[in-house]
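Everything below concerns the one structure shown next.
Whatever order the structure lists ligands and atoms in, that order sets their numbers, starting from 1.
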Amino acid sequence: MSAETHDPSVNGRPYALIQRLLHWLIALFVILLLMAGLVIGTLGYEGLVERFGNDVTNLMYKTHKTFGVLVLGLMIARLGLRVALGAPDYARALPGWQRIASRVSHWAFYGLLIAMPVVGWLATAAGGYPVEFFNWTLPGLIDRNPELSKALFELHALIGFVLIALILVHAGAALLHWLLWRDGVMHRMALFAKRD
Ligand code: HEM
C-alpha cells in the first residue's frame, strides 16, 4: 500500500465511527438479505418446503423478516446521523460528474433501503402473514388484501434488483477510488481510519 493511503493529512477526515460501523453492518445485512431473498423468491414457499422442510423454511422467512426490520431501524438511525453530523469534506475536491454521481447514488441508497423493508413489511401484512421480529409479531399496519400484497411483493422484488445494480456500481466506484485514483475517498468509510 502506498504512503498516500496511510497519511491522514492526504486522506482527510473519515466519517464518525458510528457512521462507519453502521455502513458496514448494514452492508453485510443487506447483502445477506438479498441473497436469502433471491433464494426465497426463486423457489417460493412450496419449493422451499419441498427441499428443506417446514421448520427450515419458516426459519428462513422469520430470519429474513427480522433482519429486514433491523435494517429499517438501522437505516432510520443512519439517516438521522447523516442529517445531524453531515459528511466530512473530501481530501481533494471530486470532479463534478463524480460529485453528482455520488450524491445521487448515496441518497438513492437511503431511499431504497428504507422503502425496501417498508414494502416487505406491508406486503407481508397485506398477505395475512405475520410481520415477525425475532419472537415477536409486529403490528401489520394495513388490512389483509391479497391483490395489494401481490403488487407489493412485485415491487419488493423490483427494488431488490435495482439495489443489486446500485451495490455493484457503488462497490465498483469504491474500488476505483481506492486502487486506481487513490484519492482518499475509501479512507472516509474505512473501519479502522483515524479521525484526527
Ligand atoms: C433491506 C431489507 C430487505 C431486503 C434487501 C429484502 C430483499 C428481498 C428480496 C431480494 C426478495 C426476493 C424477491 C423476489 O425475487 O421475489 C425478498 C423476498 C421477501 N421478503 Fe424481503 N427484503 C428486505 C426486507 C423485508 C422485510 C422487512 C420483510 C417483512 C417484514 C420482508 C419480507 C419478505 C418476504 C415474505 C419475501 C418472500 C416473497 C415471496 O415469497 O414471494 N423483506 N426480500
> Picking from Arg182, His187, Gln98, what satisfies side chain to side chain contact (heavy atoms under 4.5 Å, CB included) with His177?
Replying inline: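 Testing His177 for a side chain to side chain contact (heavy atoms under 4.5 Å, CB included) against Arg182, His187, Gln98 leaves exactly one candidate, Gln98.
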>> Suppose we screen for salt bridge (Lys or Arg N to Asp or Glu O under 4.0 Å). Which residues come up paired with Lys62, at least two apart in sequence or across chains?
In response: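 Lys62: no salt bridge (Lys or Arg N to Asp or Glu O under 4.0 Å) contacts found.
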For residues 148-161, dump all side-chain donor-acceptor pairs below 3.5 Å to protein atoms at least two apart in sequence or in another chain.
from, atom 1, to, atom 2, distance (Å)
Ser149, OG, Ala123, O, 2.9
Ser149, OG, Gly127, N, 3.4
Lys150, NZ, Glu154, OE2, 3.4
His156, ND1, Met116, O, 3.2
His156, ND1, Gly120, N, 3.4

Could you go through ligand 1 and list every pair where one of its N or O atoms sits under 3.5 Å from a protein N or O, giving the atom names and the distance to one decimal?
from, atom 1, to, atom 2, distance (Å)
ligand 1, 20 (N), His64, NE2, 2.8
ligand 1, 20 (N), His156, NE2, 2.9
ligand 1, 22 (N), His64, NE2, 2.9
ligand 1, 22 (N), His156, NE2, 2.9
ligand 1, 40 (O), Tyr61, OH, 3.3
ligand 1, 42 (N), His64, NE2, 3.0
ligand 1, 42 (N), His156, NE2, 3.0
ligand 1, 43 (N), His64, NE2, 2.8
ligand 1, 43 (N), His156, NE2, 2.8

> Is the Phe109 ring parallel, tilted or perpendicular to the His170 ring (thresholds 30°, 60°)?
Replying inline: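 Rings of Phe109 and His170: perpendicular, over 60°.
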> Do any N or O atoms from the side chain of Trp24 and from the backbone of Ala190 form a donor-acceptor pair under 3.5 angstrom?
Replying inline: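 No, Trp24 side chain to Ala190 backbone: no donor-acceptor pair under 3.5 Å.
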Please list, one pair per line, the donor and acceptor atoms closer than 3.5 Å that link side chains of residues 31-53 to other protein atoms, with sequence neighbours excluded.
from, atom 1, to, atom 2, distance (Å)
Thr42, OG1, Leu38, O, 2.5
Tyr45, OH, Asn58, OD1, 3.1

